[in-house]
Amino acid sequence: MNLLTSASKIKFGPAGIPIQCGGRSTLDGVKCCREIGLDAMEMEFVQGVRLKEKDAEEIKKTAEKLDISLSSHAPYFINFCSTIKEKQRTTLRNIYEAAKITHAAGGRITVFHPGFYQKLSKEEAYKVAKESLKNAWEKINGEGIDIILGAETVGKRSQFGGFDEVVRLSRELDFVQPVIDFAHMHARGDVIIKSEDDYRKIFEKLERELGDYVKHFHSHFSEIEYNEKGERNHLPLGTRNIPPYKPLMKVLAENGYSGIIISESPKLDLDALKMQQAYRSLLKSI
């Protein structure tokens, strides 16, 4: 791998409107991110897509002017592994609506939780999910919606979307990219993350399997509380140091990776700024 170059760029932002923001609209959130010094924001559509297209167009203009990278999180009511027709239609509608409005707002990627195994084996779930994603993409792409579908690594053992599964989907479907949620991966037991070496192994696998993805990756970060079934709650940075953020910042700085880190901590923008400060300090010191 190449060592650090000053051109490497990680953008940081909150999952939703910054808590420091006086206004509560998405447009307010975009403006606030620039005011406090963040470079990205993920629009949260987790309870449904309610953003109007005319508002999305104004958000796009403002985000481009302020150089804020936008993404979105699709509704939670998505299960690409379902074999029930009604749930398949709900999944298609939710991912389509999220992708459409994200495109209108100038966003690059729409993040989604892939699904649940239910009574399917892991391989059966994979095959169903892959076919369902292809069907969704046919509709999205057919309408000229220029977006990437981001399969998020999930945090519970009952969920489809482990690290290996989302990497495999991304390798086989060119319109899908992984969204690396480090806390979820640790809580689910996909990768136990304690040190720089653990983060290096994650990025080495991503580079080996997906090539230049490490130059434009999308990820989520927080600390996490979990049990034997997986994730329970996202936690602010400094609560338990699980997983630790400083070793990640060092690996990113030393290897010249580029991408986006969205803070899903309860402290949203405050912890995004904390990671940004640590990362930039490391860039200066190397």
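- In summary, the aromatic rings of Tyr257 and Phe203 are positioned with their centroids under 6.0 Å apart.
- Cluster membership check: Val214 shares its hydrophobic cluster with Phe12, using side-chain heavy-atom separations under 4.5 Å among Ile, Leu, Val, Met, Phe, Trp and Tyr.
- Applying the ring pair (Phe, Tyr, Trp, His ring centres under 6.0 Å) definition to pairs two or more places apart or across chains, those involving residues 77-110 are Phe80-Phe112.
- Counting only distance, with no hydrogens or angles, the side chain of Ser82 and the backbone of Asn79 share no donor-acceptor pair below 3.5 Å.
- Under the 4.5 Å side-chain criterion, counting only non-hydrogen atoms from C-beta, Thr153 is not in contact with Val179.
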Pair up each side-chain donor or acceptor in residues 234-253 with any protein partner under 3.5 Å, not counting sequence neighbours, and list the distances.
from, atom 1, to, atom 2, distance (Å)
His234, ND1, Ser222, OG, 2.6
His234, NE2, His184, NE2, 3.4
Thr239, OG1, Pro236, O, 2.7

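- Within 6.0 Å of NZ in Lys205 there are more than 12 heavy atoms belonging to other residues, nucleotides or ligands.
- With hydrogens and angles disregarded, a donor-acceptor distance shorter than 3.5 Å links the side chain of Tyr213 to the backbone of Pro178.
- Judged by distance alone, the side chain of Glu209 and the main-chain N or O of Leu206 form no donor-acceptor pair under 3.5 Å.
- Shown here for Ile68 and Cys33, the closest heavy-atom pair between the two residues is CD1-CB, 4.1 Å.
- Residues Ile147 and Met43 are members of separate hydrophobic clusters, defined by side-chain heavy-atom contacts under 4.5 angstrom among Ile, Leu, Val, Met, Phe, Trp and Tyr.
- Side chains of Lys215 and Ser258: no donor on one and acceptor on the other come within 3.5 Å.
- Under the 4.5 Å side-chain heavy-atom criterion for ILVMFWY residues, no single connected hydrophobic cluster contains both Ile109 and Leu133.
- With Arg188 contributing its side chain and Gly230 its backbone, the two residues share no donor-acceptor pair below 3.5 Å.
- Judged by distance alone, with hydrogens and angles left aside, the side-chain atoms of Thr91 form no donor-acceptor pair with the main-chain N or O of Ile78 at under 3.5 Å.
- Note that OG of Ser158 is 9.5 Å distant from CD of Gln118, once rounded to the nearest 0.5 Å.
- Remark: the Asp198 side chain and the Ser195 side chain contain an N/O donor-acceptor pair separated by less than 3.5 Å.
- The backbone N or O of Ser121 lies less than 3.5 Å from a partner atom in the side chain of Glu124, making a donor-acceptor pair.
- Applying the 6.0 Å contact sphere to NZ of Lys100 captures no more than 12 heavy atoms from other residues, nucleotides or ligands.
- Ring orientation note: the planes of Phe160 and Tyr117 are nearly perpendicular, at an angle over 60° on the 30°/60° scale.
- Put simply, the side chain of Pro75 does not reach to within 4.5 Å of the side chain of Val46, judged on heavy atoms.
- Counting only distance, with no hydrogens or angles, the side chain of Asp271 and the backbone of Lys267 share no donor-acceptor pair below 3.5 Å.
- Annotation: Arg171, atom CZ; neighbour count of heavy atoms from other residues, nucleotides and ligands within 6.0 Å is above 12.
- Contact check on Lys130 versus Glu172 returns a salt bridge, with a Lys/Arg side-chain nitrogen under 4.0 Å from an Asp/Glu carboxylate oxygen.
- Contact of the Leu149 side chain with the Ile95 side chain is registered, since non-hydrogen atoms from C-beta on lie closer than 4.5 Å.
- In this structure the side chain of Glu207 never reaches within 4.5 angstrom of the side chain of Glu204, judged on heavy atoms.
- In this structure, the side chain of Arg34 engages the main chain of Leu38 through a donor-acceptor pair within 3.5 Å.
- Placement of Tyr279 and Ile260 in two distinct hydrophobic clusters is found when ILVMFWY residues are connected by side-chain heavy-atom separations under 4.5 Å, directly or transitively.
- Using modelled atom types, one finds no donor on one side chain facing an acceptor on the other under 3.5 Å when comparing His186 with Glu231.
- Annotation: side chain to side chain donor-acceptor pair (under 3.5 Å) contacts involving residues 50-59, sequence neighbours excluded, are absent.
- Side-chain contact of Gln177 with Arg108: a donor-acceptor pair under 3.5 Å is present, judged by distance alone.
- Aromatic rings from His73 and Phe45 are positioned such that their centres are separated by 6.0 Å or more.
- A continuous path of hydrophobic side-chain contacts links Phe221 to Val191 [ILVMFWY only; heavy atoms under 4.5 Å].
- Glu196 has a carboxylate O that lies under 4.0 Å from a charged side-chain N of Arg200, or vice versa, which qualifies the two as a salt bridge.
- The backbone N or O of Tyr126 lies less than 3.5 Å from no partner atom in the side chain of Arg168, so there is not a single donor-acceptor pair.
- Closest non-hydrogen pair, Ile17 versus Ser25, comes out as CD1-O, 3.4 Å.
- Distance alone, capped at 3.5 Å, places no donor-acceptor pair between the Thr110 side chain and the Thr102 backbone.
- In the displayed structure, Glu123 atom CD is contacted under 6.0 Å by more than 12 heavy atoms of other residues, nucleotides or ligands.
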The test is side chain to side chain contact (heavy atoms under 4.5 Å, CB included); show your working for Ile148 and Phe175 and say whether it passes. CA-CA 6 Å; Ile148 292 167; Phe175 54 87; over 6 Å; no

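- Residues Ile262 and Ala40 come closest through the heavy atom pair CD1-CB, 4.3 Å.
- A salt bridge does not link Glu138 with Lys134: none of the charged nitrogens is closer than 4.0 Å to a carboxylate oxygen.
- Listed here is the closest heavy atom pair of Pro14 and Asp269: CB-N, 3.9 Å.
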Tell me, with the steps shown, if Arg280 and Asp39 meet salt bridge (Lys or Arg N to Asp or Glu O under 4.0 Å). CA-CA 13 Å; Arg280 290 183 176 178; Asp39 300 313; 3.4 Å; yes

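- Among all heavy-atom pairs drawn from Ala63 and Leu70, the shortest one is CB-CD1, 3.7 Å.
- Minimum interatomic distance between Ala15 and Glu264 (heavy atoms only, all atoms of both residues): CB-CG, 3.9 Å.
- Contact annotation: the side chain of Asn233 never approaches that of Ile224 to less than 4.5 Å [non-hydrogen atoms, C-beta and beyond].
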